[in-house]
K.L.:
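After the C-alpha cells below, expect a handful of questions from me.
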Amino acid sequence: MSTLRPVAFGADPTGERMARIRRSPHFADGVFVNPTGPSQPPRGPSIALIRTLLDKAERVRRRPVGSVPVHPFTIADLAKPPVTGLRLTWMGHSSVLAEIDGRRVLFDPVWSDRCSPFDFIGPRRVHPVPVPLKELGHLDAVVISHDHYDHLDLPTIRQLVRGGTKFAIPLGVGAHLERWGVPADRMAELDWNESAAIAGLTFTATPARHFCGRGLRNTQHTLWASWVVKGPEHRVYHSGDTGYFSGFADIGAEHGPFDATMIQIGAYSDFWPDIHMTPEEGLRTHLDLGGGSPAGALLPIHWGTFNLAPHPWDEPAERTLAAARAAGAPVAIPPPGKPFEPAGELPTDPWWRPIARPAALTPALDPASARQDGVPA
C-alpha cells in the first residue's frame with residue numbers, strides 16, 4: 001500500500017520507531033496526546049466556518065493589496081558574523097534562520113509556492129521567498145516542529161538533504177524523512193523533554209498543544225513540538241504551532257532565560273481556539289517563558305505568508321504590536337528576509353500598513369485571488 005501513497009504524504013511509523021512511539025509517556029489509546037486540552041485534531045469544516053471562509057467582503061482582506069516589501073537578502077547579509085553572537089532572519093510564515101554562537105539553524109523551512117501535497121492547489125504564498133535555498137550556504141541543523149504542510153515541505157527537504165545538514169525532529173516524523181531520502185544517522189528524533197547535541201548546540205523538544213497529520217488517514221502517530229536551542233552563550237525558543245497552555249512557564253523555568261522567542265501569532269480562529277494562539281496569547285506565552293516579565297525579544301511567526309484562517313492578513317501584526325507595547329515587551333516585526341540581532345535595534349516599523357486593505361474599502365472579490373488561496377470562487 002505504501003507504493004500507492006503519494007510521496008508528499010510521507011510514511012507512517014513502523015518497526016522500532018513505532019515501538020518507541022508506543023513507549024512514549026505522551027502516547028495513549030493509540031495516539032499522541034496533548035499536555036492539556038483536546039487530544040484529537042479539529043473536525044472537518046462546519047457550515048458556519050464555510051460561510052465565513054466564503055464571505056466575499058472578508059476573503060479579500062486576507063491578502064495584501066500590494067507587494068510585500070521583501071528584504072533583498074543576499075549572502076552578504078551572512079558574510080559578517082553577528083556582533084552580539086545571535087542574529088535572526090524571518091523568511092516568512094514559521095521559517096526562521098537563526099545564527100547562534102557561530103552555528104546556523106533553520107527552523108520549519110518551507111520554500112515551495114504552496115503549502116500543499118500538490119503544486120496546483122492549496123494555500124499559495126503572498127510573497128516570494130527572500131533568498132533561494134541554495135544561496136543560504138552551510139546549515140548546521142534544520143529543526144522541524146511538526147508534519148503539517150506549512151512546516152514540513154517535501155521539495156524543501158529534498159534540497160536540504162543534498163547539503164549534508166542534520167535534522168532535529170519530533171518523534172515519528174523520521175518516517176516521512178526516511179521516505180524522502182534523509183539518512184537515519186542525520187536525524188535526531190526526539191520525544192518531549194529529550195535533547196540532542198548537534199554542532200555544539202543543544203536541541204530540546206518541548207511540549208506544545210497541537211496535532212499532526214499529512215495523509216487522508218490521520219493516525220496521530222507523529223509528535224508535534226516546540227523547541228529550545230541552546231548555544232554556549234545564547235538560547236532561543238521556537239513555538240511551532242500551539243494553543244496556549246500553562247506549560248510555557250515550566251519550559252521557561254527549566255530552559256530559560258531566552259535571548260529571543262519565535263512564537264506563533266497567526267492563523268487563529270474561534271473555530272479552532274485550542275490549537276493556534278491569538279496574538280495576545282502569543283504575547284502571554286512570551287511573558288510566561290520569561291518568568292512573567294518581558295525578557296528577550298519576541299519575533300512573531302506563522303503569519304503574513306499563507307492565507308490559512310479567516311482573520312485579515314495584517315491583523316496578527318497589529319494586535320501583536322499593540323499587546324507588546326502595552327506590556328513593555330521588546331518585539332521585532334521585520335519584513336521577510338531582513339536580519340536583526342535581538343540584543344540590538346529591533347525592527348518595529350509597521351511595513352504592512354501601506355499594503356493592508358481597510359475594511360471600509362473592500363472591493364468585490366477577485367476570482368483569481370480566490371483561486372490562489374485554493375478556495376473555490
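These numbers were taken from a predicted model, which means no experiment stands behind them.
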K.L.:
Ignoring hydrogens and angles, tell me if any N or O in the side chain of Thr165 forms a donor-acceptor pair with the backbone of Leu160 under 3.5 Å.
P.N.:
no
K.L.:
With a 4.5 Å cut-off on side-chain heavy-atom distances among I, L, V, M, F, W and Y, is there a chain of contacts connecting Trp180 to Val142?
P.N.:
yes
K.L.:
Suppose we screen for salt bridge (charged side-chain N to carboxylate O under 4.0 Å, His left out). Which residues come up paired with Glu281, at least two apart in sequence or across chains?
P.N.:
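Salt bridge (charged side-chain N to carboxylate O under 4.0 Å, His left out) check on Glu281 returns nothing, list empty.
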K.L.:
Between Ser269 and His311, is there a side-chain donor-acceptor contact under 3.5 Å, judged purely by atom types and distance?
P.N.:
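Per modelled atom types, His311 and Ser269 side chains form no pair under 3.5 Å.
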K.L.:
So Tyr237 and Phe248, would you call those rings parallel, tilted or perpendicular, with 30° and 60° as cut-offs?
P.N.:
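Answer is perpendicular, since the angle exceeds 60°.
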K.L.:
Flag the pair His148 / Phe211 as yes when their ring centroid distance falls below 6.0 Å, and as no otherwise.
P.N.:
yes
K.L.:
What's the spacing between Arg319 CZ and Glu280 CD if we round to 0.5 Å?
P.N.:
4.0 Å
K.L.:
If you group Ile, Leu, Val, Met, Phe, Trp and Tyr by side-chain heavy-atom gaps below 4.5 Å, do Leu106 and Val143 land in one group?
P.N.:
no
K.L.:
Do Phe9 and Pro117 have side chains that approach each other closer than 4.5 Å (heavy atoms only, starting at C-beta)?
P.N.:
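Yes, their side chains come closer than 4.5 Å.
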K.L.:
Under 3.5 Å, side chain of Thr204 to main-chain N/O of Asn193, donor-acceptor pair present?
P.N.:
no
K.L.:
Report the C-alpha separation of Ile275 and Trp224 in whole Å, then their side-chain angles, then the decisive distance to 0.1 Å, and conclude whether the side chain to side chain contact (heavy atoms under 4.5 Å, CB included) test is met.
P.N.:
CA-CA 11 Å; Ile275 50 93; Trp224 47 95; over 6 Å; no
K.L.:
Using the side chain to side chain contact (heavy atoms under 4.5 Å, CB included) rule, take Ile301 and Trp90 through it: C-alpha gap first, then chi angles, then the decisive distance, then the call.
P.N.:
CA-CA 8 Å; Ile301 60 172; Trp90 180 56; 4.1 Å; yes
K.L.:
Roughly how far apart are Met187 CE and Asp185 CG, rounded to 0.5 Å?
P.N.:
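Those atoms lie 8.5 Å apart.
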K.L.:
Where is the tightest heavy-atom contact between Ser116 and Gly122, given as atom of each residue plus distance?
P.N.:
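Between these two residues, the closest heavy atoms are CB-CA, 4.1 Å.
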K.L.:
May I ask you to check whether Tyr268 and Glu315 show a side-chain donor-acceptor distance below 3.5 Å?
P.N.:
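Distance-only check passes for Tyr268 and Glu315.
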K.L.:
If you define the side chain from C-beta out and look only at heavy atoms, does anything of Met262 sit under 4.5 Å from Phe107?
P.N.:
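Result yes, sub-4.5 Å side-chain heavy-atom pair found.
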K.L.:
Looking at residues at least two apart in the chain, or sitting in another chain, which of them share a side-chain hydrogen bond (donor to acceptor under 3.5 Å, both in side chains) with Arg162?
P.N.:
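Checked Arg162 against side-chain hydrogen bond (donor to acceptor under 3.5 Å, both in side chains); zero matches.
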K.L.:
Is Val131 linked to Val68 within one hydrophobic cluster, defined over Ile, Leu, Val, Met, Phe, Trp and Tyr using a side-chain heavy-atom separation of less than 4.5 Å?
P.N.:
no
K.L.:
Could you tell me whether Arg214 sits above the aromatic face of Tyr149, with NZ or CZ closer than 6.0 angstrom to the six-membered ring centre and within 45 degrees of the axis?
P.N.:
yes
K.L.:
What distance do His234 atom NE2 and Asp259 atom CG have between them, rounded to the nearest 0.5 Å?
P.N.:
5.0 Å
K.L.:
Kindly give the heavy-atom pair with the smallest separation between Ala208 and Phe245, and that separation in Å.
P.N.:
CA-CE2, 4.0 Å
K.L.:
Could you pull out the closest heavy-atom pair between Gly200 and Pro232, with the gap in Å?
P.N.:
O-CD, 4.2 Å
K.L.:
Test of understanding: clusters of I, L, V, M, F, W, Y form through side-chain heavy atoms closer than 4.5 Å, transitively. Do Leu346 and Leu97 belong to the same one?
P.N.:
no
K.L.:
In terms of hydrophobic clusters joined by side-chain contacts under 4.5 Å, are Phe73 and Leu139 together?
P.N.:
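Both belong to a single hydrophobic cluster.
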K.L.:
So, the side chain of Trp303 versus the backbone of His93: is there a donor-acceptor pair under 3.5 Å, distance only?
P.N.:
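Checked: no pair found.
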K.L.:
Rounded to the nearest 0.5 Å, how far apart are CZ of Arg179 and CZ of Arg5?
P.N.:
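Taking CZ in Arg179 and CZ in Arg5, the distance rounds to 7.0 Å.
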K.L.:
Does any N or O in the side chain of Arg357 come within less than 3.5 Å of the main-chain N or O of Arg61, such that one atom is a donor and the other an acceptor?
P.N.:
no
K.L.:
How close do Leu190 and Phe203 get, counting heavy atoms only, and between which atoms?
P.N.:
CD1-O, 3.6 Å
K.L.:
Determine yes or no for a side-chain-to-main-chain donor-acceptor pair under 3.5 angstrom, with Asp108 supplying the side chain and Ser145 the backbone.
P.N.:
yes
K.L.:
I want to check something: taking the side chain as every heavy atom from C-beta on, are Ile198 and Leu201 in contact at a cut-off of under 4.5 Å?
P.N.:
no
K.L.:
Hey, are the side chains of Asp150 and Asp241 touching, using non-hydrogen atoms and a 4.5 Å cut-off?
P.N.:
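Yes - at least one pair of side-chain heavy atoms lies under 4.5 Å apart.
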K.L.:
Other residues, nucleotides and ligands only: do more than 12 of their heavy atoms fall within 6.0 Å of NZ on Lys166?
P.N.:
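Open.
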K.L.:
Would you indicate whether the side-chain heavy atoms of Ile263 and Leu289 approach each other to under 4.5 Å?
P.N.:
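Yes, their side chains come closer than 4.5 Å.
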K.L.:
What I want to check is whether the side chains of His176 and Asp147 have a donor and an acceptor closer together than 3.5 Å.
P.N.:
yes
K.L.:
With heavy-atom distances below 4.5 Å as the criterion, would you say the side chains of Asp140 and Ile100 are in contact?
P.N.:
no
K.L.:
Evaluate Ile157 against Ile144 for side chain to side chain contact (heavy atoms under 4.5 Å, CB included), listing each step before the verdict.
P.N.:
CA-CA 10 Å; Ile157 295 298; Ile144 303 296; 4.3 Å; yes
K.L.:
Step by step, work out the side chain to side chain contact (heavy atoms under 4.5 Å, CB included) result for Trp352 and Ile333.
P.N.:
CA-CA 10 Å; Trp352 57 88; Ile333 315 183; 3.5 Å; yes
K.L.:
Please give me the minimum heavy-atom distance between Arg114 and Phe120, naming the atom from each residue.
P.N.:
NE-C, 3.7 Å
K.L.:
Quick check on side-chain contact (heavy atoms from CB on, under 4.5 Å): which of Asp191, Leu171, Thr222, Leu223 does Ile21 satisfy it with?
P.N.:
Leu171
K.L.:
Distance from Leu78 atom CG to Glu135 atom CD, nearest 0.5 Å?
P.N.:
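With rounding to 0.5 Å, CG (Leu78) is 10.5 Å from CD (Glu135).
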K.L.:
Would you confirm whether Gln264, through its side chain, and Gly282, through its main-chain N or O, come within 3.5 Å as a donor-acceptor pair?
P.N.:
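Pair absent, no side-chain N/O of Gln264 close to backbone of Gly282.
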K.L.:
I'd like to know if the side chain of Asp101 reaches the main chain of Glu233, judged simply by a donor and an acceptor atom lying under 3.5 Å from each other, with no hydrogens or angles considered.
P.N.:
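Such a contact is found between Asp101 side chain and Glu233 backbone.
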K.L.:
For the side chain of Arg284 and the backbone of Tyr244, is there at least one donor-acceptor N/O pair under 3.5 Å apart?
P.N.:
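No: the side chain of Arg284 does not pair with the backbone of Tyr244.
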K.L.:
Applying side-chain contact (heavy atoms from CB on, under 4.5 Å) between Met91 and each of Val96, Val129, Leu136, report the one that passes.
P.N.:
Leu136
K.L.:
Using a strict 4.0 Å threshold on nitrogen-to-oxygen distance, state whether Asp314 and Arg353 make a salt bridge.
P.N.:
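No, no charged N to carboxylate O under 4.0 Å.
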K.L.:
Would you say the side-chain atoms of His302 pair up with the backbone N or O of Gly266, donor to acceptor, closer than 3.5 Å?
P.N.:
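Such a contact is found between His302 side chain and Gly266 backbone.
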K.L.:
Side-chain contact test, heavy atoms from C-beta onward, threshold under 4.5 Å: evaluate it for Pro300 versus Val331 and give yes or no.
P.N.:
yes
K.L.:
Any side-chain to backbone donor/acceptor pair from Thr156 onto Val110? Under 3.5 Å, distance only.
P.N.:
no
K.L.:
Assess the side chains of His221 and Asp12: does a donor N or O sit below 3.5 Å from an acceptor N or O?
P.N.:
no
K.L.:
Are any of the side-chain heavy atoms of Phe306 and Ser94 separated by less than 4.5 Å?
P.N.:
no
K.L.:
Determine the minimum heavy-atom distance between Leu88 and Leu86, stating which atoms define it.
P.N.:
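That closest heavy-atom pairing would be CD2-CD1, 4.3 Å.
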K.L.:
What distance separates Leu133 CG from Arg158 CZ, expressed to the nearest 0.5 Å?
P.N.:
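Reported to 0.5 Å precision, the distance equals 14.5 Å.
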